[in-house]
Amino acid sequence: MEDVLGSVKLPKIIKAQRYFVDDTVHDLDKYIAEQLNSIEEFKSILPGQRIAITSGSRQISRLPEVTRIVVDALKKKGADPFIIPAMGSHGGATARGQEEMLRGLGICEETVGAPVCSSMEVDLIGTALDGRPVYIDHIANQADGIILINRVKAHTSFRGPYESGLMKMMAIGLGNQKGAQHYHQTGFGEMSRVVEEVGKEVLKKAKISFGVALIENGNGKLADAVCIAPKDIPECEKKLLVRANEYLPKIFVKDIDVLIIKEIGKNISGTGMDCNIIGRFNEDSTFEADTHIKRIAVLDLTDVSHGNANGVGRADFITKRLYDKISLEQTYPNAITSTATISVKIPMILKDDKMAISACIKTSTLRHPEEARCVIIENTKNMNTFYISENLIGEAKMRGVEIVGEPIEIPFDQDGRINLDFTH
């Protein structure tokens, strides 16, 4: 490969920073406590009752803190709270794998004050309008109440009034692998309808106490934590999704020749890298991408993913370092359950970062490859600090992006790894 890619001229790059609306919650304990005291279902929780609190597979801003606050509020009422992994088939579709995934996200008894009770067993509690069975985690179903905690945001594979949020957590998260498998069988074109029907059936049949809907701003920080009574979840979540979409960060330019992503992972997005940002969706997606990228290279996989490389198939090139971290046992159950097989196909594998970047530029179908429009990001959660090729400086400034320092050659260490600082 050195003979083929060694002569590729790489563009100079420059550091750039983008600032998004930084709405945030300051006194989170007081803010949540005030909301909980207005919810009848919370006020009716009795001493000694066992209450399940859901936790998903994403790294959400201040999630351990929010969970700990809810745990403390329940303990003050004399209740016995515990944590339930609500992540469908993630974590290799095993109870141990899901528990380990939560620990990697900072959710464990030591951090939130309540034990994690993990099981893939489910109970049949009802039937959706289209006749499909509705399942719910067995341990959660045996509890005296269930509290939902999840982020509301645009989904990476479908559109509708309900995407990622509390409704989807009730349908797919609490359904464990068995439920998730049933609900994905209709394909992503029907997923929003399925999430709504199943979610409403869970609200009707399960003991949902309340929900805490989290919204992140464009900086990836907690913008709001909204506590919602069960009867209000369907209508409230619709409004919160509209609000969350207003915060969603995007790459400042629509047409890119080469996008380099330093890392992907299940803690970053369900598809490893947010499809809403990279503009590459599943085969049966029914919506248009507003970003067009010719080539994508992904350089690494987060350790928190435990080898689950879901989303890697959306890249054109990966490094040998990333490939060596892939666990098929962790990756395949998620893809088979969701039916999104394109997400786990293995791209071309290059020995290091430099070769992967060179391959992107060489195959970008440009008459003058050295003029490739390049963007380098840490991951699709950190969209504040990134690097761009010199030929994008003018467009960046026009869109309010701050340019930092002077253009430099792309720095690599002795192992061919990119050596860039993505902090402010």
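Note that the numbering runs from 1 along the sequence shown for the chain.
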| task | Look up atom CG in D352 and atom CD in Q414, then write down how far apart they are to the nearest 0.5 Å. | result | 12.0 Å

| Does the side chain of N176 come under 3.5 Å of the side chain of E121 through a donor N or O and an acceptor N or O? | no

| query | Taking all atoms of both residues into account, what is the closest heavy-atom pair of T271 and S343, and its distance? | reply | CG2-OG, 4.4 Å

| query | Between D300 and K325, is a salt bridge (Lys or Arg N to Asp or Glu O under 4.0 Å) present by the stated rule, with each step listed? | reply | CA-CA 8 Å; D300 209 344; K325 289 185 178 181; 2.9 Å; yes

| request: Run the numbers on D224 and R243 for salt bridge (Lys or Arg N to Asp or Glu O under 4.0 Å), then give the verdict. | output: CA-CA 10 Å; D224 207 349; R243 184 179 166 197; 2.7 Å; yes

| Note: D274-K153 ion pair, threshold 4.0 Å (strictly below) | yes

| remark: Closest non-hydrogen atoms of Y247 and E216, given as atom of the first, atom of the second and distance, are CB-O, 3.5 Å

| Does R321 come within less than 4.0 Å of D353, counting only side-chain N to carboxylate O? | yes

| message | Does any part of the side chain of D421, heavy atoms only, come nearer than 4.5 Å to the side chain of K15, both counted from C-beta? | response | yes

| query | Yes or no on side chain to side chain contact (heavy atoms under 4.5 Å, CB included) for V212 and V226, after CA distance, side-chain angles and deciding distance? | reply | CA-CA 5 Å; V212 183; V226 183; over 6 Å; no

| said: Treating T94 as the side-chain partner and G97 as the backbone partner, does any N or O pair qualify as donor plus acceptor under 3.5 Å? | reply: yes

| field | Within-4.5 Å side-chain heavy-atom neighbours: L299 and R417 | value | no

| field | E99/R103 salt bridge by N-O under 4.0 Å criterion | value | no

| Separation between CD of Q49 and CD1 of I51, rounded to the nearest 0.5 Å | 5.0 Å

| message | For L248 versus A154, what's the shortest heavy-atom pair and its separation? | response | CD2-CB, 4.5 Å

| message | Other residues, nucleotides and ligands only: do more than 12 of their heavy atoms fall within 6.0 Å of NZ on K354? | response | no

| query | Any side-chain heavy-atom pair from K294 and I256 closer than 4.5 angstrom? | reply | no

| query | Between R193 and D130, is there a salt bridge with N-O shorter than 4.0 Å? | reply | yes

| In Å, rounded to the nearest 0.5 Å, how long is the span from NZ of K381 to CD1 of I277? | 9.5 Å

| said: Would K200 and Y162 count as a cation-pi pair here, with the cationic atom under 6.0 angstrom from the ring centre and within 45° of the axis? | reply: no

| field | N382 side chain vs E378 backbone, donor-acceptor pair below 3.5 Å | value | no

| task | Taking atom types as modelled, find out whether Q59 and N267 have a side-chain donor-acceptor pair closer than 3.5 angstrom. | result | yes

| query | What distance separates I136 CD1 from N141 CG, expressed to the nearest 0.5 Å? | reply | 5.5 Å

| F82 ring centre to R50 NZ or CZ under 6.0 Å, with the angle to the axis within 45°? | yes

| Reported CD-to-OG1 distance for the pair E197 and T127, which is rounded to 0.5 angstrom | 11.5 Å

| field | Positive for side chain to side chain contact (heavy atoms under 4.5 Å, CB included) with V344, one of L328, T331, I326 | value | T331

| task | Start with the C-alpha distance between K76 and D72, add both sets of side-chain angles, then the distance that settles salt bridge (Lys or Arg N to Asp or Glu O under 4.0 Å), and finish with yes or no. | result | CA-CA 6 Å; K76 286 179 182 178; D72 288 348; over 6 Å; no

| Within a radius of less than 6.0 Å around CZ of F422, do more than 12 heavy atoms belonging to other residues, nucleotides or ligands occur? | yes

| Step by step, would you call R295 with T363 a side-chain hydrogen bond (donor to acceptor under 3.5 Å, both in side chains)? | CA-CA 8 Å; R295 294 289 181 264; T363 62; 2.9 Å; yes

| note | Heavy-atom nearest pair, G92 first then Q330, reads N-OE1, 3.2 Å

| query | Quick one: CD1 on I260 to CG on L420, what's the gap to the nearest 0.5 Å? | reply | 11.0 Å

| query | With no hydrogens and no angle check, do the side chains of D22 and N219 hold a donor and an acceptor under 3.5 Å apart? | reply | yes

| field | Residue pair K77 / K43: nearest heavy atoms and the distance that separates them | value | NZ-O, 3.3 Å

| note | Taking every heavy atom of C227 against every heavy atom of I32, the minimum-distance pair comes out as SG-CG2, 4.0 Å

| message | Would the distance check show the side chain of R314 and the main-chain N or O of I342 forming a donor-acceptor pair, the cut-off being under 3.5 Å? | response | no

| task | Apply salt bridge (Lys or Arg N to Asp or Glu O under 4.0 Å) to the pair E235 and K239, showing each step before the final yes or no. | result | CA-CA 7 Å; E235 286 306 311; K239 297 174 183 176; 6.0 Å; no

